[in-house]
Amino acid sequence: MMDLIKKAEETHELSRDELIALLNDGQYCEELFAAADNVRQKYVGDEIHLRGLIEFSNICRNNCCYCGLRRDNHNLTRYRIDIPTILEMARHAQNLGLKTVVLQSGEDCYYTRERLCNLIREIKKNGLALTLSIGERNFEDYQAFRDAGADRFLLRIETTDKELYLRHDPGMSWDKRAKCLSDLRRAGLEVGSGCLVGLPGQKTETYADDILFFKNIDADMIGIGPFIPHPDTPLHNAQSGSLIMALKVMALTRLLLPDINIPATTAMETLAPDGQAKALQSGANVIMPNITLDSYRRHYELYPGKTAVGGAPEDNMQRLKDKISSLGRQIATDAGSSKHFTNRQNR
Ligand code: SAH
Ligand code: SF4
């Protein structure tokens with residue numbers, strides 16, 4: 001195992017079988033995490049990039065079986081934040097010192113291309129970097145968002161096992177989602193993807209394929225989230241994903257894609273109080289503090305426990321600063337584009 005970890009640390013290449021061997025191994029996790037931490041430091045440094053997350057609508061036309069925002073969940077109070085209030089939240093993020101805001105929502109058709117482009121242009125006037133995470137759209141929409149000034153886009157593939165994807169995302173198409181990722185790249189956006197870990201039916205083989213998929217699409221950012229069952233979904237009786245497995249998938253992603261941005265995800269922190277700290281020491285270099293007003297935020301329940309992470313934005317920022325300095329790391333002062341993206345632009 002140590003030879004494989006060393007190989008990954010030095011060459012950033014592993015075969016599918018080698019990935020599976022490391023994912024199945026239970027003894028060398030700490031060594032794997034330490035190697036990912038070294039590679040993180042060597043390629044993207046000690047700075048941690050903060051992204052202010054604005055959850056601007058919890059209305060969704062899709063019915064993903066794992067997600068609390070799925071359209072058949074009628075136990076959820078739905079909301080849609082108006083544009084002036086979103087702009088106010090973005091200004092608040094900037095006042096807190098954040099350099100990037102992430103606009104995330106369910107797939108909500110109210111936000112047409114035109115409405116979103118107007119919003120993007122307004123936010124960009126203040127010089128913030130802007131990430132969208134609003135689901136599947138056509139190429140023309142992505143192109144229009146880029147032209148309006150959006151910088152990045154997050155769209156997880158969720159799993160590369162097509163059969164499993166079909167089972168958990170009824171009515172959706174894996175090929176369409178994969179095409180969205182190539183359309184985003186073609187539109188000139190920084191492309192983020194990622195997967196869930198611990199969905200019923202996922203295996204170590206699936207995670208190995210997921211990691212190779214991230215490399216294959218030449219991703220700029222990858223977010224890995226342990227699955228957490230939501231009581232108002234068909235998967236309410238399923239087991240939670242394991243934090244250790246999610247950290248292993250994340251660490252291996254860092255080893256194979258050394259210069260990308262990787263968040264310590266909120267789902268990791270939801271599973272364990274030191275989940276994000278552990279992630280930051282196992283390959284992650286980004287945190288996404290939630291700056292959505294509490295009156296909305298408590299209804300953005302992708303999974304239970306999520307809305308409790310952080311607290312009020314001001315308190316959350318102070319706690320994050322303390323956490324980051326206790327790890328001997330610093331908050332970045334620039335917008336924190338993916339080095340992988342910048343390197344590709346310069347090639
Ligand atoms: N609608 C957009 C963005 C919001 S959902 C989209 O689907 O891309 C953001 C992410 O939340 C999803 O990509 C999914 O990976 C994650 N998520 C949803 N339900 C979850 C659950 N029960 N546990 C952990 N993560 C979940
Ligand atoms: Fe909608 Fe995204 Fe949840 Fe699927 S994961 S139901 S697309 S919010």
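Just so you know, ligand 1 is whichever comes first in the structure, and atom 1 is the first atom listed for that ligand. Hydrogens, waters and symmetry mates are skipped; everything else that's a heavy atom, side chains included, is used.
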Which is closest to atom 1 (N) of ligand 1 by heavy-atom distance: G135, S193, S105?
S105

I'd like to know if E107 pairs up with R71 as an ion pair, taking the criterion as any Lys NZ or Arg NE/NH1/NH2 lying under 4.0 Å from an Asp or Glu carboxylate oxygen.
no

I need the contact type for S133 against ligand 1. Using non-hydrogen atoms and a strict under-4.0 Å cut-off, is it side chain, backbone, both or neither?
both

Could you give all pairs that pass the ring pair (Phe, Tyr, Trp, His ring centres under 6.0 Å) test and reach residues 213-248, with sequence neighbours left out?
W174-F213

Please report which non-hydrogen protein atom sits nearest to atom 11 (O) of ligand 1, along with the residue it belongs to and the distance in Å to one decimal place.
L302 CD1, 3.5 Å

Could any protein non-hydrogen atom be found less than 4.0 Å from atom 8 (S) of ligand 2?
yes

For R254 and S282, test the side chains for any donor-to-acceptor distance below 3.5 angstrom and give the result as yes or no.
no

Salt bridge (Lys or Arg N to Asp or Glu O under 4.0 Å): pairs with one or both residues in residues 241-251, sequence neighbours excluded:
none

Using a distance-only test with no angle check, is there a side-chain donor-acceptor pair under 3.5 angstrom linking E314 and H92?
yes

I need the nearest protein heavy-atom contact for atom 10 (C) of ligand 1: residue, atom name and distance, please.
R156 NH1, 4.2 Å

Which residue pairs pass the salt bridge (Lys or Arg N to Asp or Glu O under 4.0 Å) test with at least one member in residues 78-104, sequence neighbours excluded?
R80-D108

How about atom 4 (Fe) of ligand 2, which protein N, O or S atoms come within less than 2.8 Å?
C64 SG

Part of R177 within contact of ligand 1 (heavy atoms, under 4.0 Å)
side chain

